[in-house]
Amino acid sequence: MTAFEGEAVSYQVAFVADAEATDGVRLSYTDATAHDWMFGVLWHRQGLSRAGRPLWKLVNTARQRRCMLRLLCQVCGRSAVDGGRIWWLLPEPPGVAVDGRPFTHAPPTCRSCIPAARVWCPRLGSESYVYTVCGSEPYGVVADVYRPAAGRKVGAIRRAVEVPLEAFRLLEYAVAMQLLVKLDGLQRADL
């Protein structure tokens, strides 16, 4: 799910009129297509070429979201489901949603890729947390949230904000970078 330097895509955002939006406007690309939105939020555009060198601190938005929704390993891209449980490797314990359920932005990691991920990823290591879960569901996004300025121009930005999917107004002003999922039946696991 790591981004590569050759995958950057330039784009422009603007606020556009939208009768269904909370304030009558929503953030959009100036050349938007229907594929730019999911879960009511505009998603960051990024290529998938894996060209150039890896940018270890950055996430490829499309790959991260695909792994989360299809329960695919973030390392090899195969299923992270094993024996009815989904394997997850996290650099720290998961966050806790308002309803008390754990959540994360990190995609699953299949059991066989966990040792390699601990070696290759600078954020992991032997101190990382291994879990299994019985299911997951979309909870929110990590996004850059913009403010409308005069003339529907784009104003100030708050970066890397966790926004729940029920925060409709914030989602209308955001560009999502990562999907957050709640984890059901979370259990610590040993390899």
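Each residue takes its place number in the sequence, starting with 1.
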Test side-chain contact (heavy atoms from CB on, under 4.5 Å) on Leu42 and Tyr29 and set out the steps. CA-CA 8 Å; Leu42 185 65; Tyr29 293 123; 3.5 Å; yes
Determine, step by step, whether Thr104 and Val181 satisfy the side-chain contact (heavy atoms from CB on, under 4.5 Å) criterion, reporting the C-alpha distance in whole Å, the side-chain angles of both residues, the deciding distance to 0.1 Å, and the verdict. CA-CA 6 Å; Thr104 186; Val181 296; 4.2 Å; yes
Check the pair Gln64 / Gln46 against side-chain contact (heavy atoms from CB on, under 4.5 Å), numbers first and verdict last. CA-CA 11 Å; Gln64 187 266 359; Gln46 206 164 8; over 6 Å; no
Kindly determine whether Asn60 and Met1 satisfy side-chain contact (heavy atoms from CB on, under 4.5 Å), including the steps that lead there. CA-CA 5 Å; Asn60 180 287; Met1 76 165 192; 5.7 Å; no
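Here the closest heavy-atom approach between residue Met68 and residue Pro108 is recorded as SD-CD, 4.2 Å. Residues Ser28 and Val16 share a closest heavy-atom pair of CB-CG2, 3.7 Å. Residues Asp184 and Ser136 come closest through the heavy atom pair OD2-N, 4.3 Å. Here the shortest heavy-atom pairing between Ala174 and Val41 reads O-CG2, 3.9 Å. When all heavy atoms of Val142 and Glu162 are compared, the pair lying nearest together is CG2-CG, 4.3 Å. Of all non-hydrogen atoms in Leu171 and Leu165, the two that sit nearest each other are CD1-O, 3.3 Å.
Interatomic distance, Arg158 CZ to Leu170 CG, rounded to the nearest 0.5 Å: 6.0 Å. Here His35 contributes atom NE2 and Arg45 contributes atom CZ; the two are 11.0 Å apart, rounded to the nearest 0.5 Å. Here the CG-CZ distance, from Asp144 to Arg159, works out to 5.0 Å after rounding to the nearest 0.5 Å. To the nearest 0.5 Å, atom CG of residue Asp23 and atom CG of residue Asp18 are 11.0 Å apart. Taking CZ of Arg70 as the reference point, atom CZ of Arg65 lies at 10.5 Å (rounded to 0.5 Å). Distance check, rounded to the nearest 0.5 Å: CD of Glu137 to CG of Leu183 gives 10.0 Å.
Residue Leu27 is grouped with residue Tyr11 when hydrophobic side chains (ILVMFWY) are merged at heavy-atom distances under 4.5 angstrom, including chains of intermediate members. Criterion: ILVMFWY side-chain heavy atoms under 4.5 Å apart, direct or through other members. Under it, Met38 and Leu71 are part of a common hydrophobic cluster. There is no path of hydrophobic side-chain contacts, each under 4.5 Å, that joins Val130 to Ile86. Put simply, Leu58 and Leu48 are part of two different groups of oily side chains (I, L, V, M, F, W, Y) that touch within less than 4.5 Å, one to the next. Transitive grouping of hydrophobic side chains (ILVMFWY, heavy atoms separated by less than 4.5 Å) keeps Met177 and Leu180 in distinct clusters.
For the pair Thr2 (side chain) and Leu55 (backbone), a donor-acceptor distance under 3.5 Å is absent. Of the possible donor and acceptor atoms, one in the side chain of Glu172 sits under 3.5 Å from a partner among the backbone N and O of Thr22. Looking at Asp36, its side chain never comes within 3.5 Å of a backbone N or O of Trp43 through a donor-acceptor pair. Judged by distance alone, the side chain of Arg85 and the main-chain N or O of Thr132 form a donor-acceptor pair under 3.5 Å.
Annotation: side chain of Leu69 is in contact with side chain of Pro138 (closest heavy-atom distance under 4.5 Å). With a 4.5 Å cut-off on side-chain heavy atoms, Lys182 and Asp99 count as touching.
Each ring pair (Phe, Tyr, Trp, His ring centres under 6.0 Å) pair with one or both residues in residues 158-191, not counting sequence neighbours, appears once here: Phe15-Tyr173. Sorted by first and then second residue, the pairs that involve residues 81-134 and meet ring pair (Phe, Tyr, Trp, His ring centres under 6.0 Å), not counting sequence neighbours, are Phe103-Tyr139.
Residue Ser128 forms a side chain to side chain donor-acceptor pair (under 3.5 Å) with just one option from Glu92, Arg123, Arg118, and that option is Arg118.
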Residues 72-82 side chain polar contacts: donor-acceptor under 3.5 Å, at least two apart:
| unit_1 | atom_1 | unit_2 | atom_2 | d |
| --- | --- | --- | --- | --- |
| Gln74 | NE2 | Pro107 | O | 3.2 |
| Gln74 | NE2 | Thr109 | OG1 | 2.9 |
| Ser79 | OG | Val81 | N | 3.1 |

